[in-house]
Protein chains: 2
Amino acid sequence: MTVKPYHHGDLREQLLIAGELALAELPIAKVSLREIARRAGVSHAAPKHHFTSMADLLGEIAARGFDKFIVALGNAAEQSKRQTGEDRLLAMGRAYLRFADQNPAVYGLMFGQVSKMSMTPSLTKSSYEAWTQLESAVAQITGPTQAPIGATYVWSSVHGLSMLKAARRLPPHVSLHAVEEDNLRIMVAGLREL
Amino acid sequence: MTVKPYHHGDLREQLLIAGELALAELPIAKVSLREIARRAGVSHAAPKHHFTSMADLLGEIAARGFDKFIVALGNAAEQSKRQTGEDRLLAMGRAYLRFADQNPAVYGLMFGQVSKMSMTPSLTKSSYEAWTQLESAVAQITGPTQAPIGATYVWSSVHGLSMLKAARRLPPHVSLHAVEEDNLRIMVAGLREL
DNA sequence: CTCAAATCTTGACAATGAAAACATTTAAAG
DNA sequence: CTTTAAATGTTTTCATTGTCAAGATTTGAG
């Protein structure tokens, strides 16, 4: 019944970690399955026994990204639990933007085109949990009936800003830091009008 | 002084068109430089004389995407020029969402990671023009001083929804069509609170 | 201990982006 | 018109990639 049954250690876990490090360190074009295997110290075909494909591996990394994402937003919510629902949502929004800034590659994977990565069961599960978490925070402001539409709005608004920043599509005369607080503030205001 | 100086026709233009068609027809993973050359009826190395790299070609396609995008939003603005600024912004938002829906691959390119595509001068120029267009529409509601922050907010909000839809990250219990109008409505409400 | 399953390696394959060497067409200069 | 250099295309080559198949090794169940 041992869970780590073979000589190398837990290669599956090592590959996931190596993949996350590679995504953090290298330009995305240089992140290959073989490069990840290299970093894990195994042959280029070894991953096949743990992931059916490159897309499968990336899907798992994205799922783990959502798990960390949930923790980051959960911490922000926890630390502001004495405050109003709106302030808590602001705190979560800041945590969201910080996560995207600090984990650009994984974040890009989490919300990227489905083609490059498999929709693994754990990815579906983790992304759904992230959604539920946000919907709960919004429900405390709007009530449960309006929560789905409110959560969609909040997520769209914060996610859009993250993406525009990451893709460098905001014009130079827009101050990135100032724009974040303004955006979050307007977002909350919009939610009030729901 | 002829502008089309060689025997094949205007290969540069043909490659761009072939690339756009390939992006529209094929899964993104199958869109390669060689596939595009194949579709244009030339050897796989021919593109080198018109585009320094695959990323360069994709950058140009993204730039042309922005040009079409500008036209689409401009048409929406034109058709609603008798209406209020807010209604015009709503019309532009709908056009935005429609463009993203109808051109998923090019749209993904336009706002995708910079790594896969070069920031060519025409891409910088076209994306900046798109921004200016939106900022003008927002300025008619908020006044010029608040326009940059308002435009950032509006773009974030609509862009985020587009991305979440394209990446299929909205949970199944959220009605895609209903959510669009709601989102745009809240967006305008938020702008009022600016 | 035996032996089959799980795990890992080696070797192969087709496809890719890029670059170099070469051929052809174009058009400018005399 | 002829010469000639630049622009445009092709062929060939190269390193790299994801995937697969075949073989080797380790593991653990019986």
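In what follows, every chain begins at residue 1, and chains take the letters A, B, ... in the order their sequences are listed.
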Sugar-phosphate only, base, or nothing, as touched by A:S43 at under 4.0 Å among non-hydrogen atoms: base

What is the distance from [atom1] of [X] to [atom2] of [N], rounded to the nearest Å?
{"X": "B:L57", "N": "C:dA18", "atom1": "CG", "atom2": "P", "value": "10 Å"}
{"X": "A:E35", "N": "D:dT19", "atom1": "CD", "atom2": "C1'", "value": "18 Å"}
{"X": "A:D56", "N": "D:dG18", "atom1": "CG", "atom2": "C1'", "value": "13 Å"}
{"X": "B:R38", "N": "D:dT11", "atom1": "CZ", "atom2": "P", "value": "14 Å"}
{"X": "A:L33", "N": "C:dT16", "atom1": "CG", "atom2": "P", "value": "18 Å"}
{"X": "A:L11", "N": "D:dT26", "atom1": "CG", "atom2": "P", "value": "16 Å"}
{"X": "A:F51", "N": "D:dT19", "atom1": "CZ", "atom2": "P", "value": "13 Å"}
{"X": "B:I28", "N": "C:dT16", "atom1": "CD1", "atom2": "C1'", "value": "15 Å"}

Closest heavy-atom pair and its distance - B:A22, B:V31: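 Result for this residue pair: O-CG2, 3.7 Å.
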
Closest contact, heavy atoms only, A:Y153 versus A:M187: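 Smallest interatomic distance, heavy atoms only, reads CE2-O, 3.4 Å.
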
First of B:A46 and A:K30 reached from the 5' end of DNA chain D, by closest nucleotide: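 Here B:A46 is the residue nearer the 5' end.
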
Side-chain N,O (A:K48) to OP1/OP2 (D:dC20) below 4.0 Å: yes

What I want to find out is whether [X] reaches [Y] closely enough, with some N-O distance under 4.0 Å, to be called a salt bridge.
{"X": "B:R98", "Y": "B:D101", "answer": "no"}
{"X": "B:E35", "Y": "B:R39", "answer": "yes"}
{"X": "A:D67", "Y": "A:R64", "answer": "no"}

Candidate nucleotides C:dG17, C:dA19, D:dA21, ranked by approach to the side chain of B:A45 - the nearest: C:dA19

hbond_proxy A:R34 side chain to D:dT19 base (donor-acceptor, 3.5 Å cutoff): yes

hbond_proxy B:H44 side chain to D:dT12 base (donor-acceptor, 3.5 Å cutoff):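 Between D:dT12 and B:H44, which were checked side chain against base, a qualifying N/O pair under 3.5 Å is present.
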
Along DNA chain C (nearest heavy atom to each residue), the more 5'-positioned of B:H49 and B:A55: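 The 5'-side residue here is B:A55.
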
